[in-house]
A.B. asks: 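Before I ask anything, let me first share the structure, which is written out below as structure tokens.
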Amino acid sequence: MAEIKGESTALVRTVVILSILLLFFSVPHTLEDFATGEPGRAGIPAPVLSLVVATVLALQALGLHWLGQKQRQGFFVQAGVGLFWPVASGVAQLPTILSGVPYRSGFISILYVGGILVIGVLLLIFSLAALLQTRASGTGRN
């Protein structure tokens, strides 16, 4: 396995913090989705969506574990998570938010979506930057 060396420690820390912040926004937003019946209105069976969400959360946790073990593949996982959440949330929620109609619980619901979008994109950017840095410095090789 490719190991992360010392000079990438700040990037590891940043990616871990961003990933945890993404959990702070994505978990309550997902719970709100299920509580308001969004999967059914979108024509998605709740068991299917819950399996997708559980898989993404498990991968995110695995990526955090790998980063804690100083394994470079953790950055790949976090980049994928950082891409998934903003795309999924943006496609599903932004049209409703931008339509001008009241959105769910108001500000807090919009804050969840905004947090997913901003933190997710930052997670993607910093994960990719970490992958580039570890590759360029040779720290991605054994």
Side-chain angles (χ1 to χ4, degrees), residues 1-137 139-141:
M1 284 191 226
E3 191 172 314
I4 301 166
K5 303 295 183 201
E7 65 268 16
S8 299
T9 303
L11 275 172
V12 171
R13 195 173 305 128
T14 301
V15 168
V16 167
I17 289 168
L18 287 170
S19 185
I20 292 169
L21 281 172
L22 186 56
L23 287 169
F24 178 82
F25 290 102
S26 61
V27 169
H29 173 74
T30 302
L31 292 172
E32 185 182 51
D33 277 349
F34 283 102
T36 60
E38 282 298 314
R41 278 196 288 283
I44 302 168
V48 171
L49 186 58
S50 64
L51 180 62
V52 169
V53 169
T55 301
V56 171
L57 293 174
L59 285 171
Q60 187 172 359
L62 181 60
L64 286 169
H65 169 75
W66 281 334
L67 289 175
Q69 298 296 312
K70 298 192 182 301
Q71 298 301 315
R72 189 170 179 261
Q73 67 263 29
F75 291 130
F76 284 102
V77 173
Q78 296 305 320
V81 168
L83 178 64
F84 171 81
W85 279 116
V87 169
S89 184
V91 167
Q93 310 301 327
L94 277 181
T96 305
I97 292 172
L98 298 175
S99 72
V101 299
Y103 182 71
R104 295 187 186 176
S105 299
F107 176 75
I108 191 72
S109 297
I110 294 169
L111 181 67
Y112 289 150
V113 175
I116 290 169
L117 296 174
V118 171
I119 301 299
V121 168
L122 288 173
L123 180 60
L124 174 63
I125 290 168
F126 277 92
S127 296
L128 293 175
L131 285 167
L132 290 172
Q133 180 185 1
T134 57
R135 181 173 185 213
S137 65
T139 59
R141 299 183 188 100

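What you see below is based on every heavy atom in this structure, not just the backbone, and it leaves out hydrogens, waters and symmetry mates. Worth saying up front: this structure is predicted, and the values here are computed from it rather than measured.
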A.B. asks: Are the side chains of Phe24 and Ile20 in touch, meaning some heavy atoms are under 4.5 Å apart?
C.D. replies: no
A.B. asks: Can you pull out every side-chain hydrogen bond (donor to acceptor under 3.5 Å, both in side chains) where at least one residue sits in residues 42-64? Sequence neighbours excluded, please.
C.D. replies: Ser19-Gln60
A.B. asks: What residues form a side chain to side chain contact (heavy atoms under 4.5 Å, CB included) with Val121, not counting sequence neighbours?
C.D. replies: Pro86, Ile125
A.B. asks: Measuring from atom CG of Leu21 to atom CD1 of Ile116, what distance do you get when rounded to the nearest 0.5 angstrom?
C.D. replies: 12.5 Å
A.B. asks: Can you name the residues that form a side chain to side chain contact (heavy atoms under 4.5 Å, CB included) with Val91, not counting sequence neighbours?
C.D. replies: Val87
A.B. asks: Sort and list the pairs that fulfil salt bridge (charged side-chain N to carboxylate O under 4.0 Å, His left out) and have at least one residue in residues 41-56, not counting sequence neighbours.
C.D. replies: Glu38-Arg41
A.B. asks: So, taking the atom named OG in Ser105 and the one named CG in Leu111, what distance separates them when rounded to the nearest 0.5 Å?
C.D. replies: 12.0 Å
A.B. asks: Could you grab the distance from atom CD1 of Ile119 to atom OG of Ser26, nearest 0.5 Å is fine?
C.D. replies: 11.0 Å
A.B. asks: Side-chain contact, heavy-atom cut-off 4.5 Å: Phe75 with Ile4?
C.D. replies: yes
A.B. asks: Could you measure the distance from the CD atom of Gln93 to the CG atom of Leu117? Nearest 0.5 Å is fine.
C.D. replies: 9.5 Å
A.B. asks: Not counting sequence neighbours, list each pair that qualifies as a side-chain hydrogen bond (donor to acceptor under 3.5 Å, both in side chains) and has a residue in residues 114-126.
C.D. replies: none
A.B. asks: If you round to the nearest 0.5 Å, how far is CG of Leu22 from CG of Leu123?
C.D. replies: 6.0 Å
A.B. asks: Compare all side-chain heavy atoms of Val113 with those of Tyr103 and state whether any distance is below 4.5 angstrom.
C.D. replies: yes
A.B. asks: Looking only at heavy atoms, what is the nearest atom pair of Pro95 and Gly90, with distance?
C.D. replies: CD-O, 3.5 Å
A.B. asks: Taking side chain to side chain contact (heavy atoms under 4.5 Å, CB included) as the definition, give me every residue that meets it alongside Ala79, ordered by chain and number, with sequence neighbours left out.
C.D. replies: Leu124, Ser127, Leu128
A.B. asks: Measure across Pro28 and Leu23 and return the closest heavy-atom pair with its distance rounded to 0.1 Å.
C.D. replies: CD-O, 3.8 Å
A.B. asks: With side chains defined as the heavy atoms from C-beta onward, is the minimum distance between Phe25 and Val118 less than 4.5 Å?
C.D. replies: no
A.B. asks: Is Leu64 close to Val77 at the side-chain level, that is, under 4.5 Å between some pair of heavy atoms?
C.D. replies: no
A.B. asks: For a quick test of reading the model, state the closest non-hydrogen atom pair linking Ala46 to Pro39 and the distance between them.
C.D. replies: CA-CB, 4.3 Å
A.B. asks: What pairs meet the salt bridge (charged side-chain N to carboxylate O under 4.0 Å, His left out) rule with one or both residues in residues 108-131, with sequence neighbours excluded?
C.D. replies: none
A.B. asks: Just so I know, are the side chains of Phe126 and Gln78 near enough to count as touching, which here means a heavy-atom distance under 4.5 Å?
C.D. replies: no
A.B. asks: In the structure I gave you, are the side-chain heavy atoms of Arg104 and Ile97 within less than 4.5 Å of one another anywhere?
C.D. replies: no
A.B. asks: Which value, rounded to the nearest 0.5 Å, describes the distance between Leu59 atom CG and His65 atom NE2?
C.D. replies: 13.5 Å
A.B. asks: List for me each residue that meets side chain to side chain contact (heavy atoms under 4.5 Å, CB included) alongside Pro45, sequence neighbours excluded, and say none if there are none.
C.D. replies: Pro47, Val48
A.B. asks: Locate the shortest heavy-atom distance separating Thr30 from Val53; write the atom from each residue and the value.
C.D. replies: CG2-CG1, 3.7 Å
A.B. asks: Under the side-chain hydrogen bond (donor to acceptor under 3.5 Å, both in side chains) rule, what pairs show up with a residue in residues 107-122, not counting sequence neighbours?
C.D. replies: Glu32-Ser109
A.B. asks: Any non-hydrogen side-chain atom of Phe34 less than 4.5 Å from a side-chain atom of Leu49?
C.D. replies: yes
